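Encoded as structure tokens, the structure appears first; notes follow it.
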Amino acid sequence: QPQLVAGGRTLLRADAIAASVPWRTLWGEHYEIERIELQRPVLDLDALRAWLAARPSSDAAAPDVRFTLRVVDGMVIASGKPLAEGLDIDFANSGDLAAWFATLDRGSAIAPLPPGRGSASATRLQIGETRLEGVRIELRDGEAPARE
């Protein structure tokens with residue numbers, strides 16, 4: 001039952017986490033993560049936004065982090081209420097996730113999609129007063145939509 005705590009608040013907790021790391025990481029100068037899998041994670045958006053806002057500004061470039069993420073039966077909460085439930089994700093990013101995260105706190109009601117390929121589904125989404133059930137999203141990084 002790992003937890004990610006920052007600024008005294010739990011940003012992320014899960015029943016289990018597994019990571020796939022290539023052997024060369026043991027002898028290399030930097031860490032590589034190929035795949036992360038989270039079982040029943042809960043992401044607290046309020047805690048994440050507070051942590052991002054409290055970080056000191058820096059001119060240093062954020063690291064370019066790329067990996068495959070698999071989430072099984074996740075939940076996203078804000079203001080103590082679920083925004084997404086029954087969240088299943090299989091996603092491989094292809095671009096700068098640090099820049100994408102920076103766009104999440106720009107006051108938009110709907111967050112932009114991250115750069116990458118994969119799928120996500122949720123049994124329930126709550127966006128303001130709108131409730132969506134049985135949502136599935138396919139993300140095909142840069143591909144034109146298929147024509148029928």
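Note that the structure is a prediction, hence the values are computed from the model and not measured. Just so you know, residue 1 is the first one in the sequence shown, and it goes up from there.
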Do you know which two heavy atoms are closest between Leu83 and Ala78, and how far apart they sit? CD1-CB, 3.6 Å
Mark yes or no for whether Asp88, through its side chain, and Gly74, through its backbone, hold a donor-acceptor pair below 3.5 Å. no
Would you indicate whether the side-chain heavy atoms of Ile33 and Ser20 approach each other to under 4.5 Å? no
Determine, using the 4.5 Å side-chain heavy-atom cutoff (strictly less than), whether Leu4 and Val76 are members of one ILVMFWY cluster. yes
Could you give the distance from CG (Asn93) to CZ (Arg117), rounded to the nearest 0.5 Å? 13.0 Å
Val71 with Leu12, same ILVMFWY side-chain cluster at under 4.5 Å: yes
Which distance, rounded to the nearest 0.5 Å, do you find between the CD1 of Ile137 and the CG of Leu125? 7.0 Å
Qualifying salt bridge (Lys or Arg N to Asp or Glu O under 4.0 Å) pairs, either residue in residues 7-19, two or more places apart: Asp15-Arg40
Would you please name every residue forming a side-chain hydrogen bond (donor to acceptor under 3.5 Å, both in side chains) with Gln1, sequence neighbours left out? none
Using side-chain heavy atoms (C-beta onward) and a distance below 4.5 Å, is Gln126 in contact with Lys81? no
Close side-chain approach of Leu11 and Leu48, heavy atoms under 4.5 Å: yes
Ring-face cation contact, Trp51 with Arg49, 6.0 Å cut, 45° max: no
The reported gap from CG in Asp90 to CD in Glu37 (rounded to nearest 0.5 angstrom) is 8.5 Å
Main-chain N/O of Val135 paired with Ser121 side-chain donor or acceptor, under 3.5 Å: no
With the side chain counted from C-beta on, respond yes when Arg24 and Leu26 share a heavy-atom pair under 4.5 Å apart, and no when they do not. no
Go through the structure and list residues passing salt bridge (charged side-chain N to carboxylate O under 4.0 Å, His left out) with Glu129, not counting sequence neighbours. none
Is the closest side-chain heavy-atom distance between Glu34 and Pro22 below 4.5 Å? yes
How close do Thr10 and Asp44 get, counting heavy atoms only, and between which atoms? O-CB, 3.7 Å
Hydrophobic clusters here meaning ILVMFWY residues chained together by side-chain heavy-atom distances under 4.5 Å, can you tell me if Ile89 and Val42 are in one? no
Using a 4.5 Å cut-off on heavy atoms from C-beta on, say whether the side chain of Leu139 contacts that of Phe91. yes
Taking side chain as C-beta onward, heavy atoms only, is Leu43 less than 4.5 Å from Leu87? no
Do Arg136 and Ser119 come within less than 4.5 Å of each other through their side chains, counting heavy atoms only? yes
